[in-house]
Amino acid sequence: MQALTPAQADRVHRDVVAREFAAGATVCARGTPSNHWLGVVEGMLKVETVTAAGKCASFAGVPSGAWVGEGAVLKGEPRPYDVVAIRDSTVAFLPRSTFQWLMAESNPFNGWLINQLNARLGHFIALVQSLRLNDTKAQVAYCLASLFNRDLYPGTTPQLAISQEEIGRLSGVSRQIANRALHEMQDRGIIRIGYGMIEVLDLPALQAMAHGV
């Protein structure tokens, strides 16, 4: 928003619509038209897909201050995933027409968008590597560390309002496995676990664990 002209910012404010979602609610369903770009005002979302057999795979957590879904909006294709609220959330819906207008009118927006897409690509490459090469402890660490990607999630602070159960959902592991991994991180002084929150004390160590080091 800071890079937009006053007129461009005014149009965004006019066109965007904020909606409230309770924890567990579907914000956008897989296969529905990608008519809006999504921004998390408050709360946290997750991007996931569920197979016909009921197996669920989570791809990313999206905390407050972040946007998601620009790829589907760019291509105008049906959403290839579900977007679900992990906790009570306020979500901003920016129409695809406004998104396309910003691309046509704002070079700073296009530069930001390229950086966003590049960061998104890097995230998913690292996610595939973690899932294929590392153990479940590293997967849980990657889930936490990925929330500190400043290009994707600029609003993340060391104190994360997220529960151990939510970390398990995002990591794609059971709550018990997530709990063991998180308590090992706490024993090593990497994080501190509180009620409904996790504080990251040593981000470099967390990032190293996420890469299996």
Side-chain angles (χ1 to χ4, degrees), residues 1-3 23 38-48 57-70 83-90 111-213:
M1 287 293 289
Q2 295 175 353
L38 309 178
V40 185
V41 181
E42 294 290 344
M44 179 176 284
L45 309 181
K46 66 175 177 177
V47 178
E48 67 177 14
S58 295
F59 302 121
V62 188
S64 60
W67 291 86
V68 66
E70 59 276 351
V83 181
V84 178
I86 292 181
R87 56 178 58 242
D88 293 348
S89 301
T90 303
W112 180 91
L113 185 60
I114 289 171
N115 288 335
Q116 180 86 350
L117 291 168
N118 185 55
R120 190 83 68 197
L121 177 62
H123 164 73
F124 284 118
I125 289 174
L127 175 62
V128 171
Q129 176 178 298
S130 179
L131 291 174
R132 292 187 177 182
L133 301 180
N134 296 330
D135 57 19
T136 53
K137 179 180 67 179
Q139 291 175 31
V140 175
Y142 179 77
C143 172
L144 274 177
S146 67
L147 295 175
F148 289 86
N149 184 321
R150 294 304 181 189
D151 291 319
L152 292 174
Y153 313 128
T156 302
T157 64
Q159 289 188 339
L160 300 171
I162 189 169
S163 69
Q164 297 179 57
E165 183 177 1
E166 290 166 346
I167 287 293
R169 292 175 190 165
L170 289 176
S171 305
V173 301
S174 69
R175 180 176 180 175
Q176 291 75 18
I177 291 175
N179 287 354
R180 285 199 297 271
L182 291 169
H183 278 89
E184 180 174 338
M185 293 179 211
Q186 180 168 254
D187 292 341
R188 292 173 58 176
I190 297 174
I191 65 171
R192 182 176 67 85
I193 302 170
Y195 180 74
M197 62 82 66
I198 295 171
E199 181 179 5
V200 176
L201 305 175
D202 190 340
L203 182 57
L206 177 65
Q207 293 168 333
M209 181 180 288
H211 291 90
V213 178

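Since the model is a prediction, treat every value here as computed from it, not as a measurement.
- With values rounded to the nearest 0.5 angstrom, Met209 atom CE is found 10.0 Å from Asp202 atom CG.
- Contact check for Met185 versus Arg192: no side-chain heavy atoms found under the 4.5 Å cut-off.
- The structure places CH2 of Trp112 at 9.5 Å from CG of Asp151, a figure rounded to the nearest 0.5 Å.
- The environment of CD in Glu42 is sparse: at most 12 heavy-atom neighbours from other residues, nucleotides or ligands sit within 6.0 Å.
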Side chain to side chain contact (heavy atoms under 4.5 Å, CB included) between Gln186 and Ile198, worked out: CA-CA 10 Å; Gln186 180 168 254; Ile198 295 171; over 6 Å; no
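- In this structure, Tyr153 and Arg120 approach most closely via the heavy-atom pair OH-NH1, 4.2 Å.
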Candidate pair Gln164 and Ile193, rule side chain to side chain contact (heavy atoms under 4.5 Å, CB included), full reasoning: CA-CA 9 Å; Gln164 297 179 57; Ile193 302 170; 3.4 Å; yes
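- Side-chain atoms of Arg87 do not come within 3.5 Å of backbone N or O of Leu45 as any donor-acceptor pair.
- Of the inter-residue distances, the one linking Thr136 atom OG1 with Arg180 atom CZ reads 7.5 Å to the nearest 0.5 angstrom.
- With values rounded to the nearest 0.5 angstrom, Ser89 atom OG is found 12.0 Å from Lys46 atom NZ.
- Residue Gln116 holds its CD atom at 12.5 Å from CG of Leu121, rounded to the nearest 0.5 Å.
- Nearest heavy atoms, Gly168 versus Ala178: CA-CB, 3.7 Å.
- Heavy atoms only, all atoms of each residue included: Ala66 and Leu152 are closest at CB-O, 3.3 Å.
- Leu147 approaches Pro63 most closely through the heavy-atom pair CD2-CD, 4.1 Å.
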Candidate pair Met197 and Ile162, rule side chain to side chain contact (heavy atoms under 4.5 Å, CB included), full reasoning: CA-CA 5 Å; Met197 62 82 66; Ile162 189 169; over 6 Å; no
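- At least one side-chain heavy atom of Phe148 sits less than 4.5 Å from a side-chain heavy atom of Leu203.
- Contact detail for Ile86 and Ala23: the closest heavy-atom pair is O-CB, 3.5 Å.
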Evaluation steps, side chain to side chain contact (heavy atoms under 4.5 Å, CB included), between Ile191 and Glu199: CA-CA 5 Å; Ile191 65 171; Glu199 181 179 5; over 6 Å; no
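- Between Leu182 atom CG and Leu144 atom CG the span is 6.0 Å, to the nearest 0.5 Å.
- Minimum heavy-atom separation, Ala141 to Leu206: O-CD1, 3.8 Å.
- The shortest side-chain heavy-atom distance between Val68 and Val40 does not fall under the 4.5 Å cut-off.
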